[in-house]
Amino acid sequence: MSQYSSWSSSYSKYYFKGGYSWTETLSGYDSESVTKEGVSTSNGSSWSWTRSGTVWDDGGNSWSESWSKSSWKDGEYLPGEYEVTGGSFDPEGTGTEMNNLPEFGEAPRLNKAPKQDVPVDFQKLPKPSDDIWELPTAIFKDSASKNTSGGKTFWLPTEIYKELLSQKVINGDGYLSVNNPTTLSRFEAQHRLALLILRVFYGEDADKLIQPGVLQVTDTKGILDAMDRANNWPSGKAKQEYGNLYGLVTNGRLFINSDLNTDDMTLLKTMVHEMLHINQNRNLTTTLGPNLMEGLTQRLAMQAFRASGRPWDDAGGYKDQVRVVVSLERLLGSRTLKEVYFNNPSLLATEFDRAAGFKLFDTFLQLIEQRKFDEAIRLIPF
């Protein structure tokens, strides 16, 4: 008879703007083989346990704990087992009342998980954050003058640089300007500025060049009628379902509601969000569902908008969806989510289940579509 057993543990922690996140893991493998009278038998099992969480500077926190076990006997796998738990705390009283955040090194709380502490020898020093929160500030410079410092510099042909400068798309220091171009209509100006922002900050992430779409300015009735036509709905259903819309993308056309986008800042936010829809992967919605799709779109829009020098802190009607995406970003990183959004939506399920150690993404996605956002976040193994 021969026996083999191997166990390992790990701990990682990183800081971000507003708090920190940590992950603890414990995994093991046991096997046994016996040969008797020329007949060999074997059996074994493997465990994977993960606990992770996030603590914010304002005192709030969220955490999750999960384990899975797979077993086999004589080459055949037995039914797997897994269990998930978690918690959250909001100091303002809108979440779980009890603050039950686990201490680091605390033994697993789940009934069947391995009853072992995380050994100190396996602790890893915190890794520097890759700053998933902010994109680099862009500076646009005339290619005839190669003197600049700081930020991410984009050297433009002299003719284009002078045109953007004259239209006040950029200012004299090379930064994207908050002021509107003077030689274009209000809607054309913000459309052009939104395209510039997205090409700068996501041009290297999308397989294809960021496209502007065909701008079509309309009023409330016009945009709701466009929604009805796009979905083959009877007239009036869009108004019943949505009430009103700031923007809409259908068949490569970018509809803007002039009744709601009355100030330039709101208009530019709408332009950036809707233009991202034009450039998202065509399978994004069918693969991830509308809630996660909108959360990703709003998160990417807000990041690019802030990096261009403009404030955007309120996710509006997509607050819950964006909370989910931020949690996914802490787990997988911003590069993975941009790859998911522009090029490969199915990558999210693969990376999520790999991080969890077992298939959990389908359950996560069902909770998102049921709008059970807090439960979904607790499943994220970060």
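Index from 1, following the sequence.
With Gln298 contributing its side chain and Ala315 its backbone, the two residues share a donor-acceptor pair below 3.5 Å. Under a 3.5 Å cut-off, the side chain of Asp228 and the backbone N or O of Ser235 do not form any donor-acceptor pair. At distances below 3.5 Å, at least one donor-acceptor pair connects side-chain atoms of Ser64 with backbone N or O atoms of Ile380. Judged purely by atom type and a 3.5 angstrom limit, Thr287 has no side-chain atom pairing as donor or acceptor with the backbone of Leu284. Between the side chain of Ser327 and the backbone N or O of Arg323 there is at least one donor-acceptor pair closer than 3.5 Å.
Leu254 is listed as a side-chain neighbour of Ile256, based on a closest heavy-atom distance under 4.5 Å. Looking only at side-chain heavy atoms (C-beta outward), Leu332 and Val340 stay at 4.5 Å or farther from each other. Side-chain contact between Thr250 and Phe255 is present, with heavy atoms from C-beta onward closer than 4.5 Å. No side-chain heavy atom of Asn344 sits less than 4.5 Å from a side-chain heavy atom of Asn281. Put simply, the side chain of Asp313 reaches to within 4.5 Å of the side chain of Arg306, judged on heavy atoms. A 4.5 Å side-chain heavy-atom check between Leu348 and Leu337 finds at least one atom pair inside the cut-off. Side-chain contact between Thr336 and Phe352 is absent, with no heavy atoms from C-beta onward closer than 4.5 Å. A heavy-atom distance below 4.5 Å is found between the side chains of His277 and Met293.
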Trace of the side chain to side chain contact (heavy atoms under 4.5 Å, CB included) decision for Phe364 with Leu328: CA-CA 11 Å; Phe364 168 79; Leu328 287 172; 4.0 Å; yes
Stepwise side chain to side chain contact (heavy atoms under 4.5 Å, CB included) test for Gln321 and Leu296: CA-CA 8 Å; Gln321 291 89 337; Leu296 285 165; over 6 Å; no
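The cluster map of Ile, Leu, Val, Met, Phe, Trp and Tyr, joined by side-chain heavy atoms under 4.5 Å apart, puts Leu260 and Leu224 in different clusters. At a threshold of 4.5 Å between side-chain heavy atoms, the hydrophobic network of Ile, Leu, Val, Met, Phe, Trp and Tyr places Leu300 and Ile368 in one connected group. Trp233 and Val249 fall into different hydrophobic clusters, where Ile, Leu, Val, Met, Phe, Trp and Tyr are joined by side-chain heavy atoms under 4.5 Å apart, directly or via other members. The cluster map of Ile, Leu, Val, Met, Phe, Trp and Tyr, joined by side-chain heavy atoms under 4.5 Å apart, puts Met265 and Leu276 in the same cluster. Transitive grouping of hydrophobic side chains (ILVMFWY, heavy atoms separated by less than 4.5 Å) keeps Leu245 and Leu267 in distinct clusters.
Rounded to the nearest 0.5 Å, atoms CG (Leu292) and CZ (Arg299) are 13.5 Å apart. For the atom pair OG (Ser68) and NZ (Lys359), the distance works out to 12.0 Å, reported to the nearest 0.5 Å. Remark: Gln303 CD to Ile197 CD1 distance equals 13.5 Å, nearest 0.5 Å. Summarising the geometry, atom CD belonging to Gln370 is positioned 11.0 Å from atom CG belonging to Asn291; distances are rounded to the nearest 0.5 Å. Rounding to the nearest 0.5 Å gives a distance of 11.5 Å between CE of Met275 and OG1 of Thr270. Atom CZ of Arg330 sits about 8.5 Å away from atom CD1 of Ile377, to the nearest 0.5 Å.
The heavy-atom pair separating Ile278 from Pro212 by the smallest distance is CD1-O, 3.5 Å. Taking every heavy atom of both residues into account, Gly87 and Asn100 meet most closely at CA-OD1, 4.2 Å. Here the shortest heavy-atom pairing between Gln216 and Arg253 reads OE1-NH1, 3.3 Å. Closest approach of Ala349 and Phe361 over heavy atoms only: CB-CD2, 3.4 Å. Ile210 and Leu195 make their closest contact through O-CD1, 3.7 Å (heavy atoms, listed as atom of the first residue, atom of the second, distance).
Using a 4.0 Å cut-off between charged side-chain N and carboxylate O, Arg229 and Asp225 make no salt bridge. Ion pairing of Lys319 with Asp314 is present here, as a side-chain N (NZ or NE/NH1/NH2) and a carboxylate O approach within less than 4.0 Å. A salt bridge is defined here as a Lys NZ or Arg NE, NH1 or NH2 lying under 4.0 Å from an Asp or Glu carboxylate O, and Arg378 with Glu375 fails to meet this definition. Salt bridge annotation for Arg186-Asp264: present, with a cationic side-chain nitrogen under 4.0 angstrom from a carboxylate oxygen.
Residue Leu209 belongs to no hydrophobic cluster, having no ILVMFWY side-chain heavy atom closer than 4.5 Å to its own.
Aromatic ring orientation, Phe305 versus Trp312: perpendicular (interplanar angle above 60°, classes split at 30° and 60°).
With hydrogens and angles left out, the side-chain atoms of Tyr246 and Thr266 include no donor and acceptor closer than 3.5 Å. In the model, Trp49 has a side-chain atom that pairs as donor or acceptor with a side-chain atom of Glu65 under 3.5 Å. Judged by distance alone, the side chains of His191 and Glu188 never bring a donor and an acceptor atom under 3.5 Å apart. Under 3.5 Å, the side chains of Asn279 and Gln211 contain no donor-acceptor pair of N or O atoms. One side chain, Thr220 or Asp259, offers a donor N or O that lies under 3.5 Å from an acceptor on the other. There is no side-chain donor-acceptor pair under 3.5 Å between Asn43 and Thr41. There is no side-chain donor-acceptor pair under 3.5 Å between Thr54 and Ser62.
Considering Thr218, Asp219, Asn244 as possible partners of Asn257, the one that fulfils the side chain to side chain donor-acceptor pair (under 3.5 Å) test is Asn244.
Residues His273 and Tyr318 place their aromatic rings such that the two centres sit under 6.0 Å apart.
For Lys239, there are no side chain to side chain donor-acceptor pair (under 3.5 Å) partners two or more places apart in sequence or in a different chain.
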